[in-house]
Visitor: 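Quick one: the structure is below, questions incoming.
The sequence lines fix the lettering, A, B, ..., with proteins before strands; numbering per chain opens at 1.
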4 protein chains.
Amino acid sequence: MPRHRFPNTRERIEKAAIRLFVERGVAETTVRDIARAVDISEGALYRHFVSKDELVWRVFEREYVHFTERLESLARPEVTARGKLAAMIRGFCLAHDEDPWLFRFLLFVQHGQLTRLAPGSPTPVDAVRDVIAGGIASKEIPEQHPDLAAALVFGIVLQPVTFAAYGRLSSAVTSMCDRLIAASWAAVTTV
Amino acid sequence: MPRHRFPNTRERIEKAAIRLFVERGVAETTVRDIARAVDISEGALYRHFVSKDELVWRVFEREYVHFTERLESLARPEVTARGKLAAMIRGFCLAHDEDPWLFRFLLFVQHGQLTRLAPGSPTPVDAVRDVIAGGIASKEIPEQHPDLAAALVFGIVLQPVTFAAYGRLSSAVTSMCDRLIAASWAAVTTV
Amino acid sequence: MPRHRFPNTRERIEKAAIRLFVERGVAETTVRDIARAVDISEGALYRHFVSKDELVWRVFEREYVHFTERLESLARPEVTARGKLAAMIRGFCLAHDEDPWLFRFLLFVQHGQLTRLAPGSPTPVDAVRDVIAGGIASKEIPEQHPDLAAALVFGIVLQPVTFAAYGRLSSAVTSMCDRLIAASWAAVTTV
Amino acid sequence: MPRHRFPNTRERIEKAAIRLFVERGVAETTVRDIARAVDISEGALYRHFVSKDELVWRVFEREYVHFTERLESLARPEVTARGKLAAMIRGFCLAHDEDPWLFRFLLFVQHGQLTRLAPGSPTPVDAVRDVIAGGIASKEIPEQHPDLAAALVFGIVLQPVTFAAYGRLSSAVTSMCDRLIAASWAAVTTV
DNA sequence: GATGAATGAGGTTTCATTCAT
DNA sequence: TATGAATGAAACCTCATTCAT
């Protein structure tokens with residue numbers, strides 16, 4: 001019955017979908033669930049998205065690329081590897097606290113979207129790995145497998161978010177940010 | 001004349017299901033997929049499991065509890081917090097390399113099974129957190145939020161497995177075990 | 001300031017619709033397809049037609065009746081059955097070459113419209129059959145079932161159009177007209 | 001409720017579907033219609049056919065190829081072009097009277113299936129055209145465009161079936177067979 | 001015990017039509 | 001008056017589960 005109530009239907013669909021995808025999983029979220037959350041008919045969704053699959057992919061890709069670029073531009077001005085790493089970790093924390101649903105959608109739900117990225121597309125993992133590789137090259141970081149080091153940093157940063165999702169930790173990740181930076185640096189420099 | 005071609009049908013179902021759940025996700029795996037993988041009819045599956053849901057849950061619970069106990073019994077003989085933590089991390093790595101599909105099923109797929117555990121059931125997270133809390137109490141580990149510390153250890157141990165799943169790291173996690181122990185200890189003791 | 005960019009929107013809709021109906025079928029052509037082909041909005045279509053169904057029917061009826069009358073008036077001045085038949089076949093060929101889409105829409109697509117014609121409405125089939133019946137009465141054509149004879153003529157005239165649609169024959173049907181007349185006469189007079 | 005009542009579900013589906021496709025058109029026939037006609041559930045259909053589209057295509061291709069071969073093998077033993085043509089036309093009539101629904105499905109409904117045939121697959125049209133081309137080569141038939149001649153024969157044979165479908169002619173096409181043969185020969189030899 | 005056709009609820013998608021703007 | 005987002009019924013299809021054989 002209500003028509004044209006909100007001009008930004010598309011955005012509202014994306015927001016609702018992301019949240020549902022995180023809460024229940026992509027497969028477990030029906031198009032009807034999304035439509036209900038936005039209070040439009042199921043059919044109306046299809047004026048904004050070609051298919052459920054395309055909705056997932058479009059949002060994922062756009063935001064994933066955007067997030068990667070954001071990380072990269074945070075690291076760029078920094079000079080030392082430590083500075084770059086710290087800036088990126090801060091970027092993770094801020095991104096999470098700004099929009100926890102989106103953050104978790106991008107980094108946990110994924111749902112096989114990762115494999116659909118154009119081969120060679122830069123990812124947050126690459127961004128972190130490259131900074132570490134640079135630090136190794138400049139002797140700031142001891143010699144080691146850069147991918148393993150990147151895994152350590154990723155784990156240190158993401159796992160608290162998972163714990164937060166289960167209520168084991170506060171969901172204000174930014175408040176732990178300095179600790180995560182310190183822990184990451186310790187993990188990376190301890191061989 | 002053997003009634004069953006394979007006497008251990010039930011085990012074979014579980015093994016195949018776990019693998020499919022990890023590869024595609026639980027919702028994306030159909031009962032038909034599982035039946036085909038085991039080369040029995042769909043109907044025959046229901047002689048071994050009440051429902052798909054029950055299959056997921058039964059396997060999850062049994063193995064999750066088992067894994068938790070294993071971790072606990074590895075830690076028990078150790079005296080120091082560091083020794084306990086190292087033993088547990090070694091336990092993670094061994095468990096992964098013994099049966100990577102099961103490991104990933106328990107620790108990544110989950111699919112909301114975690115929330116179905118009887119409240120108060122011990123989990124690997126609890127096991128790690130308790131050891132850390134003990135270390136803090138005995139002053140071996142500096143004062144800090146034990147859940148956050150547990151998150152750091154979990155992240156450090158699990159993220160390399162994720163990277164391995166994407167081909168970024170070798171899937172022989174045991175070979176990285178000492179490094180993971182060192183990194184965990186560094187992360188936990190650096191405040 | 002012109003209210004409409006094109007004053008003949010209605011005609012343009014009909015033309016585009018007919019072509020789409022022939023190319024894809026009536027059911028397979030969506031209102032959106034038609035709107036896009038005419039470059040107007042879907043809603044605007046409904047200012048010109050009550051419904052898709054009505055669009056099909058209105059165009060069909062008007063043109064079918066018109067085509068029938070045209071055939072009849074071509075035959076009327078002729079005296080002999082052979083002359084009448086030749087004039088009508090020439091009418092078919094001309095009608096096709098003037099507007100092949102319309103011709104095929106009327107004679108092939110039909111889509112059950114035929115059964116909606118008012119009972120007793122004259123059709124091209126009737127026109128041909130009547131001429132043949134007249135020829136039989138006047139002994140110009142040997143005694144036979146006039147409907148079967150009409151079927152022969154119809155088949156001889158329409159099948160080349162079908163072949164043309166599949167690229168098996170040139171779509172300039174008029175160039176084959178004399179041949180079709182001769183063949184029809186031969187078929188009708190050979191018992 | 002009823003299960004396994006008839007062993008030949010697949011055949012029954014095909015028969016019912018073909019009839020519905022002819023009566024209403026392919027697009028206008030829903031999967032539900034077919035299921036109801038066979039008295040099974042919609043879902044059950046999908047154990048026998050991958051999709052509605054595949055059902056249409058599978059039946060069409062199998063029967064179309066079969067019908068073409070049948071025509072060819074009827075013509076083969078005959079020596080003269082006239083004999084071959086007569087045999088084929090008799091083949092058309094018999095095929096129609098044996099199973100009018102299938103005949104009309106193959107030769108009228110088509111629904112764009114024709115374009116999906118492997119390029120170069122022999123069709124009834126080719127069979128007739130080849131016989132005519134042979135007759136022209138052997139001087140039995142006067143010089144002319146063999147495709148046009150084939151169109152004449154096709155029209156003469158198929159149009160009575162169309163008339164029969166509309167009740168204008170008896171649906172016992174075999175009874176008109178000799179007439180159709182004579183008319184075809186007259187049409188083809190009259191240049 | 002095993003089989004796999006059948007069920008039926010529910011999911012995704014399409015599309016003729018309406019109507020607020 | 002034209003637009004196109006929205007509706008809602010209905011289409012196609014999937015899949016966990018049942019059950020006659």
Visitor: Between C/D53 and C/R116, does at least one N-O distance fall below 4.0 Å, as a salt bridge requires?
Guide: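 Judged by the 4.0 Å cut-off on N to carboxylate O distance, C/D53 and C/R116 do form a salt bridge.
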Visitor: Heavy atom of residues 46-58 of chain B under 4.0 Å from DNA chain E: which residues?
Guide: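 Here the set is B/R47.
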Visitor: Within the distance-only criterion (no hydrogens, no angle test), does the side chain of A/T68 pair as donor or acceptor with the backbone N or O of A/Y64 below 3.5 angstrom?
Guide: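 Confirmed, A/T68 side chain pairs with A/Y64 backbone.
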Visitor: Find the distance A/I34:CD1 to E/dT13:C1' and express it as a whole number of Å.
Guide: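 Taking atom C1' of E/dT13 as the reference, CD1 of A/I34 is at 13 Å.
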Visitor: Starting at the 5' end of DNA chain E and moving along, which residue's nearest nucleotide shows up first, C/A27 or A/V26?
Guide: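 Checking each residue's closest nucleotide, the 5'-ward one belongs to A/V26.
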Visitor: In whole angstrom, what separates D/I40's CD1 from F/dT18's P?
Guide: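 Computing the D/I40:CD1 to F/dT18:P distance gives 21 Å.
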Visitor: So does A/V38 get a backbone contact from the side chain of A/K15, meaning a donor-acceptor N/O pair under 3.5 Å?
Guide: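 Such a contact is absent between A/K15 side chain and A/V38 backbone.
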Visitor: What do you reckon, is CD of B/E11 surrounded by more than 12 foreign heavy atoms closer than 6.0 Å?
Guide: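 At most 12 heavy atoms, drawn from other residues, nucleotides or ligands, come within 6.0 Å of this atom.
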Visitor: Please give, in whole Å, the distance from E/dA5 C1' to D/D39 CG?
Guide: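 Those two atoms, CG and C1', are 14 Å apart.
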Visitor: Before accepting this row, confirm whether a basic side-chain N of the pair D/R62/D/E14 lies closer than 4.0 Å to the acidic partner's carboxylate O.
Guide: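 Between D/E14 and D/R62 there is a salt bridge, with a charged N closer than 4.0 Å to a carboxylate O.
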Visitor: Tell me: CZ of C/R32 to P of F/dT3, nearest whole Å?
Guide: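 That distance rounds to 14 Å.
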Visitor: List the residues meeting side-chain hydrogen bond (donor to acceptor under 3.5 Å, both in side chains) with A/T30, not counting sequence neighbours, and say none if there are none.
Guide: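 For A/T30 the side-chain hydrogen bond (donor to acceptor under 3.5 Å, both in side chains) partners, ignoring immediate neighbours, are A/D33.
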Visitor: Over how many whole Å does the gap from C/R24 atom CZ to E/dC15 atom C1' extend?
Guide: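 From C/R24 CZ to E/dC15 C1': 14 Å.
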Visitor: Here's a test of your reading of the structure: between C/T29 and B/E42, which maps to the more 5' nucleotide of DNA chain E?
Guide: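 On the 5' side of the pair lies B/E42.
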Visitor: So what is the 5' to 3' dot-bracket string for DNA chain F, if pairs are Watson-Crick or G-U wobble with both distances under 3.5 Å, crossing pairs use [ ] and | means the partner sits on another strand?
Guide: .||||||||||||||||||||
Visitor: Could you check C/G43 against B/V31 and say which one's nearest nucleotide on DNA chain F is further toward the 5' end?
Guide: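 Comparing both residues, the 5'-ward one is C/G43.
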Visitor: Taking the minimum atom-to-atom distance to the side chain of D/T30, which one of F/dA11, E/dA2, E/dG8 wins?
Guide: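 It is F/dA11.
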Visitor: Is C/D39 salt-bridged to C/R12, going by a charged N under 4.0 Å from an acidic O?
Guide: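 Looking at C/D39 and C/R12, the cut-off is not met.
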Visitor: For A/G25, is there any backbone N or O sitting under 3.5 Å from a side-chain donor or acceptor partner on A/T29?
Guide: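 It does hold such a pair.
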Visitor: So is C/R10 actually on top of C/F49's ring, under 6.0 Å and inside 45° of the axis?
Guide: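 Ring-cation test returns yes.
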Visitor: Measure CG/C/L45 against C1'/E/dC15 and give the value in whole Å, please.
Guide: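 So the CG-C1' distance, C/L45 to E/dC15, works out to 13 Å.
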Visitor: Measure CZ/A/R10 against P/F/dA6 and give the value in whole Å, please.
Guide: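 Whole-Å distance recorded here is 12 Å.
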